[in-house]
Amino acid sequence: MLRSVKGLKDILPQQAMQWQHLEAVARTMATHYGFSEIRIPIFEFTELYARSIGGTTDIVEKEMYTFPDRDGSSLTLRPEGTAGVARAVLEHKLLDSPTSRKLFYLGPMFRHERPQAGRYRQFHQFGVEALGTDDPLIDVEVITLLWEFFLALGLKDLTLHINSIGTPVDRENYILKLKEFLTPLLPNLCGNCQRRYLANPLRVLDCKVPICQESTVGAPHLIDDLSETSTIHFHAVLNGLSALEIPYTINHRLVRGLDYYSRTTFEITSPHLGAQSTIGAGGRYDGLFQALQGPATPAIGFAVGLERVTLLLSEDRTSKPAPLFFVAGFGPRGKPRAFRLLHELRQAKIRADTDHKGTSLKALLRSADKLGAEYSIILGDDESDSHTALLRNMHTKAQEIVKLEEITQRIHTGL
RNA sequence: GUGGGUGUAGCUCAGUUGGUUAGAGCGCUGGUUUGUGGAGCCGGAGGUCGCGGGUUCGAAACCCGUCACUCACCCCA
């Protein structure tokens, strides 16, 4: 039998309801915070990602779905949303438009990783980007939106981790200090960290191997080495969060993986997921636009892994469809009349269905029950002859005779 | 890319120290006397026991390989 591709998931009708709810909450919340939706392509020139995400990151080195176009140019399925948004913003000069500086997106991303709980090769993200200002209050706005989004979905036991990784210049100083600190410990660290020591020493800090965690307890903190402006910015963000009573935890080990991040970084975790506990994360990326040869543009954003969120969503939170009216038509005159009524109900924006297979009233009512209909409209030859139908409440079994021409009216005015 | 776990009906799972036609519950479907659903009762369909080798008189059970799923490492949302 043909199967779906590894790491890809079908969203079946039952779960689709949940996704609709999730997406509706995301759109509503983002819109309320002044963000406008942007829809960008699902693939781009490979160069865009190589330049923005960072050439030495795992994503670019081994996780991208890259393929040649027919003319030979290299294309890549988007592994994340920020790069594409930045490209679109530059291409369409959206920075000049005051209404287009706060953007959000929703859609699938692709990374060739080994699938695991909460990790798929095609996954969906909800993300926002606030462009053009480095006022710490915009950081607070973005983080608050992320926090409130999860609250609106009814998620519990979340932790907001926050840190500042400074500017690239701040980091240069700090990396020297960190290396100095790590050098004597090097023999104790895991093999991975010994490599990180050379390639990207910051990553040693978020290593999960217990020995490494213990060894680096006394490591110098990056925030102690930030420039004055970075420090002021960071504290302004923290004060802003406190003023809005958003609880946070400063996490000195929080290092973002993508190269474009600078200064404020944050993530929200849930203890109810497995290893992939981060449901939303983001940060400031003041250098990205210049890396894409655009004007220097401070910016901050986040991305939410929607599959991970669905794992935390309780079922009663999903939106329910309108009540269903089942049209049970039978008999040589009743059945065609009932089919016309079905059409009329739908035109009147009433959710209605029938079962063409059912021949007897018994079979039709059974279908109505299985489809979960709230009401059945019974229309046999007798009813057809008298221009009426029986409106049956499937829960209470109460039935009433209604004139056919009044039935949509009757339903609309309440039952 | 590296480890561990698991593959029996649409779903959740039994299957006894290898032994003959592989089972249950749920679901699906038909009937229960002809114009009233759910429950009950009776019946039915549905399985290459993941796949390929091997051991054996005999394998769903044991061995090897392989694939898939899954969890974890890694990485990240």
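The basis for the numbers below is simple: all heavy atoms, side chains too, and nothing from hydrogens, waters or symmetry mates. Order of the sequence lines fixes the chain letters, A, B, ..., with proteins taken first and strands second; residue numbering starts at 1 for each chain.
Applying the 4.0 Å criterion to OP1 and OP2 of rU70(B), one finds that K9(A) has a side-chain N or O inside that range.
Between V5(A) and R114(A), the one whose closest nucleotide on RNA chain B sits nearer the 5' end is R114(A). Both G280(A) and R119(A) lie close to RNA chain B; mapped to their nearest nucleotides by heavy-atom distance, the more 5′-ward contact belongs to R119(A).
For R3(A), whose side chain is taken as the heavy atoms from C-beta onward, the closest listed nucleotide among rA77(B), rC71(B), rA68(B) is rA68(B). Listed nucleotides: rC69(B), rC74(B), rA77(B). Nearest to the side chain of Q116(A): rC74(B).
Ion pairing between a basic and an acidic side chain is recognised when a charged N comes within 4.0 Å of a carboxylate O; R284(A) and D134(A) show no such pairing. Taking 4.0 Å as the cut-off between side-chain N and carboxylate O, K9(A) and E307(A) do not count as a salt-bridged pair.
G282(A) comes within 4.0 angstrom of no nucleic acid atom, judged by non-hydrogen atoms across all strands. Within 4.0 Å (heavy atoms only), Y120(A) reaches at least one base atom of the nucleic acid. When heavy atoms are screened at a 4.0 angstrom cut-off, Q276(A) is found touching base atoms of the nucleic acid.
Consecutive Watson-Crick or G-U pairing (both distances under 3.5 Å) extending over three or more pairs maps onto RNA chain B as B:1-7 with B:67-73, B:10-13 with B:23-26, B:28-32 with B:40-44, B:50-54 with B:62-66.
Nearest heavy atom pair, residue L292(A) against residue S52(A), reads CD2-CB, 4.2 Å.
Close placement of the F149(A) and F126(A) rings is indicated, their centers lying within 6.0 Å of each other.
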Its contact letters, B for base, S for sugar-phosphate only and - for none at protein heavy atoms under 4.0 Å, make nucleotides 29-39 of chain B read S-----BBBB-

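The list of ring pair (Phe, Tyr, Trp, His ring centres under 6.0 Å) pairs with a residue in residues 153-190 of chain A, not counting sequence neighbours, is empty.
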query: Stepwise, does the salt bridge (Lys or Arg N to Asp or Glu O under 4.0 Å) test hold for D353(A) with R346(A)?
result: CA-CA 9 Å; D353(A) 204 359; R346(A) 288 168 172 169; 3.3 Å; yes

